[in-house]
**Student:** 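Okay, here's the structure, questions in a sec.
Here the structure is a predicted model, which is why all the values come from computation and not from measurement.
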Amino acid sequence: MKEETHFGYSRVSPEEKTQKVRQVFESVADNYDIMNDLMSMGLHRLWKKFAMQIAAVRNNQKVLDLAGGTGDLAADLSKRVGSQGHVVLCDINGSMLAKGRERMVDRGLVKNLSYVQANAECLPFKDNTFDCITMAFGLRNVTYKDKCLASAYQKLKPAGKFLVLEFSKPHALLRPAYDTYSFSVLPWLGKTIARDEASYRYLAESIRMHPDQETLREMFSEAGFDRCRYVNMTGGIVAAHIGYKY
C-alpha cells in the first residue's frame, strides 16, 4: 500500500507533503513577519523570548537554528554567542532563508552567522557539532518528526540541548475559543492581509495534527534525549520542549 502522511487534514504522499509545505512557505514568505504579529497579537515575541531563556545559550557556543525562517531566533542567538561563537540559520525553504539573510544583513548581524538550506530530517553537518539546536514553529511541518529528532541528536555535542518551540494542545477551557479563532479569524487574516487564505487554513490544521505535549516528550525520549521536559505557555497553546544529549 502506498505510504501516506498528513498535510493539514488531507492525506498525501510524503513527497507531496514536502512539496506542499515548500509551496506554503514560498507563498507566505513576503508577509511572514507581519502575519506572525497579527495572528498571535504579538505574543510570538514573548514566546520566543522565554524560549531563549530556557535555551540559555552562552558566549562562544555553536548553535543551529532549524526551520529558522526569517531569523527571529537567529538574531537573538547571534548576540548571545558573541563574536567567538557561531549561529547557523537553516531552513528547507529557499524563500524563507533568503528573507532571513536579508533581515540579518539589515541588522548588521553578519560576522557570526551562516546560512544553510537543508531538510531537518537529514542534516548535512558532522556529528557532535553544536552546543544547542533550536527550532521554533517548524517541527509540525516536518514529514518524519522522528527522523528530525534523531538527526538533531546526532549533530549535538555531548551535553548539548535541543529546544523545540511549537504550538500544542491548549487547556480544555480555551479550546472552543481557540478553535473559533483558528478556523475563522486566521484564514480571514490570511485572505485579507496576505491574499492567501488556503495557506493559513493549512497552518491551523497542521497545529491540530501535531503531537500533544506528552506525546512529543515521549518522542524526544525515544530519539535518545535525556531529562526531557516541556513548559506550557498561554494555557498550553504553545509549549517549549527541551532534551539533552548524554
**Student:** Are the side chains of Glu214 and Arg217 in touch, meaning some heavy atoms are under 4.5 Å apart?
**Tutor:** yes
**Student:** Which is it for Phe137 and Val238 under the side-chain contact (heavy atoms from CB on, under 4.5 Å) test, yes or no, and what are the steps along the way?
**Tutor:** CA-CA 9 Å; Phe137 305 114; Val238 168; 4.0 Å; yes
**Student:** State yes or no: do Leu77 and Met104 share one hydrophobic cluster built from I, L, V, M, F, W and Y residues joined by side-chain heavy-atom distances below 4.5 Å, directly or via other members?
**Tutor:** yes
**Student:** Would you check if the side chain of Asn93 reaches a backbone N or O of Arg22 as a donor-acceptor pair within less than 3.5 Å?
**Tutor:** yes
**Student:** So, taking the atom named CZ in Arg45 and the one named CG in Leu43, what distance separates them when rounded to the nearest 0.5 Å?
**Tutor:** 11.0 Å
**Student:** Can a side-chain donor-acceptor contact be found between Glu26 and Ser95 if the only test is distance below 3.5 angstrom?
**Tutor:** no
**Student:** Hey, any chance Val24 and Trp188 share a hydrophobic cluster, counting ILVMFWY side chains that come within less than 4.5 Å of each other, even indirectly?
**Tutor:** yes
**Student:** Give the minimum heavy-atom separation between Ala120 and Val142, together with the two atoms involved.
**Tutor:** CB-CG2, 4.5 Å
**Student:** Is there a path from Tyr115 to Leu73 through hydrophobic residues (I, L, V, M, F, W, Y) whose side chains come within less than 4.5 Å of each other?
**Tutor:** yes
**Student:** What is the minimum heavy-atom distance between Ile242 and Phe220, and which atoms define it?
**Tutor:** C-CE2, 4.1 Å
**Student:** From Thr143 OG1 over to Glu16 CD, what is the distance, rounded to the nearest 0.5 angstrom?
**Tutor:** 11.0 Å
**Student:** Kindly work out whether a path of hydrophobic side-chain contacts (I/L/V/M/F/W/Y, heavy atoms less than 4.5 Å apart) joins Leu203 to Leu189.
**Tutor:** yes
**Student:** Does Asp212 offer a backbone N or O that forms a donor-acceptor pair with the side chain of Lys169 under 3.5 Å?
**Tutor:** no
**Student:** Of all the heavy-atom pairs spanning Ser78 and Leu109, show the shortest one and how long it is.
**Tutor:** OG-CD2, 4.1 Å
**Student:** Output, in order, the C-alpha distance, side-chain angles, deciding distance and verdict of side-chain contact (heavy atoms from CB on, under 4.5 Å) for Tyr178 and Ile207.
**Tutor:** CA-CA 11 Å; Tyr178 184 56; Ile207 293 169; 3.7 Å; yes
**Student:** If you define the side chain from C-beta out and look only at heavy atoms, does anything of Tyr230 sit under 4.5 Å from Asn232?
**Tutor:** yes
**Student:** Can you list the residues that meet the side-chain hydrogen bond (donor to acceptor under 3.5 Å, both in side chains) rule with Lys145, with sequence neighbours excluded?
**Tutor:** none
**Student:** Any side-chain heavy atom of Tyr200 sitting closer than 4.5 Å to one from Val185?
**Tutor:** no
**Student:** Considering all heavy atoms of both residues, which atom of Ala75 and which atom of Arg107 are nearest to each other, and what is their separation?
**Tutor:** CB-NH1, 2.8 Å
**Student:** Just how far is it from atom CZ of Arg140 to atom CD of Glu205, taken to the nearest 0.5 Å?
**Tutor:** 12.0 Å
**Student:** Can you give me every donor-acceptor pair (side chain of residues 48-57, partner residue at least two apart or in another chain, under 3.5 Å) with its distance?
**Tutor:**
unit_1, atom_1, unit_2, atom_2, d
Lys48, NZ, His44, ND1, 3.1
Lys48, NZ, Asp72, OD2, 2.7

**Student:** Between atom NZ of Lys20 and atom OG of Ser13, what is the distance when rounded to the nearest 0.5 Å?
**Tutor:** 9.0 Å
**Student:** Counting C-beta onward and ignoring hydrogens, is there a side-chain heavy-atom pair between Lys111 and Ser83 closer than 4.5 Å?
**Tutor:** no
**Student:** Should we say atom NZ of Lys157 is surrounded by more than 12 heavy atoms from elsewhere, each under 6.0 Å from it?
**Tutor:** yes
**Student:** What's the shortest heavy-atom distance between Ala223 and Leu149, and which atoms?
**Tutor:** CB-CB, 3.7 Å
**Student:** Less than 4.5 Å apart, side chain to side chain, heavy atoms only: is that true for Leu165 and Trp47?
**Tutor:** yes
**Student:** If you count every heavy atom of other residues, nucleotides or ligands that lies below 6.0 Å from Arg11 atom CZ, does the total exceed 12?
**Tutor:** yes
**Student:** Give the cluster check for Leu139 versus Phe125: same hydrophobic cluster or not, with ILVMFWY residues linked at side-chain heavy-atom distances below 4.5 Å.
**Tutor:** yes
**Student:** Using atom types as modelled and distance alone, determine if a side-chain donor or acceptor of Glu121 lies under 3.5 Å from a backbone N or O of Lys147.
**Tutor:** no
**Student:** Looking at every non-hydrogen atom in both residues, tell me the closest pair between Ile237 and Pro170 and how far apart they are.
**Tutor:** CG1-CB, 3.8 Å
**Student:** Under a 3.5 Å cutoff, is there a donor and acceptor pairing between the side chains of Lys245 and Asn128?
**Tutor:** yes
**Student:** Tell me, with the steps shown, if Glu166 and Met135 meet side-chain contact (heavy atoms from CB on, under 4.5 Å).
**Tutor:** CA-CA 8 Å; Glu166 189 54 270; Met135 191 176 196; over 6 Å; no
**Student:** Which value, rounded to the nearest 0.5 Å, describes the distance between Thr129 atom OG1 and Leu64 atom CG?
**Tutor:** 9.5 Å
**Student:** Answer yes if the side chains of Tyr246 and Arg227 hold a donor-acceptor pair under 3.5 Å, and no otherwise.
**Tutor:** yes
**Student:** Hey, could you give me the CG/OG1 distance between Leu66 and Thr134, rounded to the nearest 0.5 Å?
**Tutor:** 7.0 Å
**Student:** Go through the steps to decide whether Asn36 and Met39 satisfy the test side-chain contact (heavy atoms from CB on, under 4.5 Å), and finish with yes or no.
**Tutor:** CA-CA 5 Å; Asn36 276 350; Met39 289 189 301; 3.7 Å; yes
**Student:** Checking the side chain of Asp146 only, and the main-chain atoms of Met219 only, is there a donor and an acceptor separated by less than 3.5 Å?
**Tutor:** no
**Student:** Any side-chain donor paired with an acceptor under 3.5 Å for Asn141 and Tyr202?
**Tutor:** yes
**Student:** Indicate yes or no: at least one non-hydrogen side-chain atom of Arg208 is less than 4.5 angstrom from one of Asp179.
**Tutor:** yes
**Student:** Any heavy-atom pair between the side chains of Asp127 and Lys155 that's under 4.5 Å?
**Tutor:** yes
**Student:** Quick one: does Asp131's side chain have a donor or acceptor within less than 3.5 Å of a partner on Val63's backbone?
**Tutor:** no
**Student:** With heavy-atom distances below 4.5 Å as the criterion, would you say the side chains of Leu123 and Phe130 are in contact?
**Tutor:** no
**Student:** Hey, is CG on Leu46 packed in by over 12 heavy atoms from elsewhere, all under 6.0 Å?
**Tutor:** yes
**Student:** Determine whether more than 12 heavy atoms belonging to other residues, nucleotides or ligands lie under 6.0 Å from atom CZ of Arg101.
**Tutor:** no
**Student:** Has the side chain of Gln117 got a donor or acceptor atom that lies under 3.5 Å from a matching backbone atom of Ile92?
**Tutor:** yes
**Student:** His210: which residues meet the side-chain hydrogen bond (donor to acceptor under 3.5 Å, both in side chains) condition with it, sequence neighbours left out?
**Tutor:** none
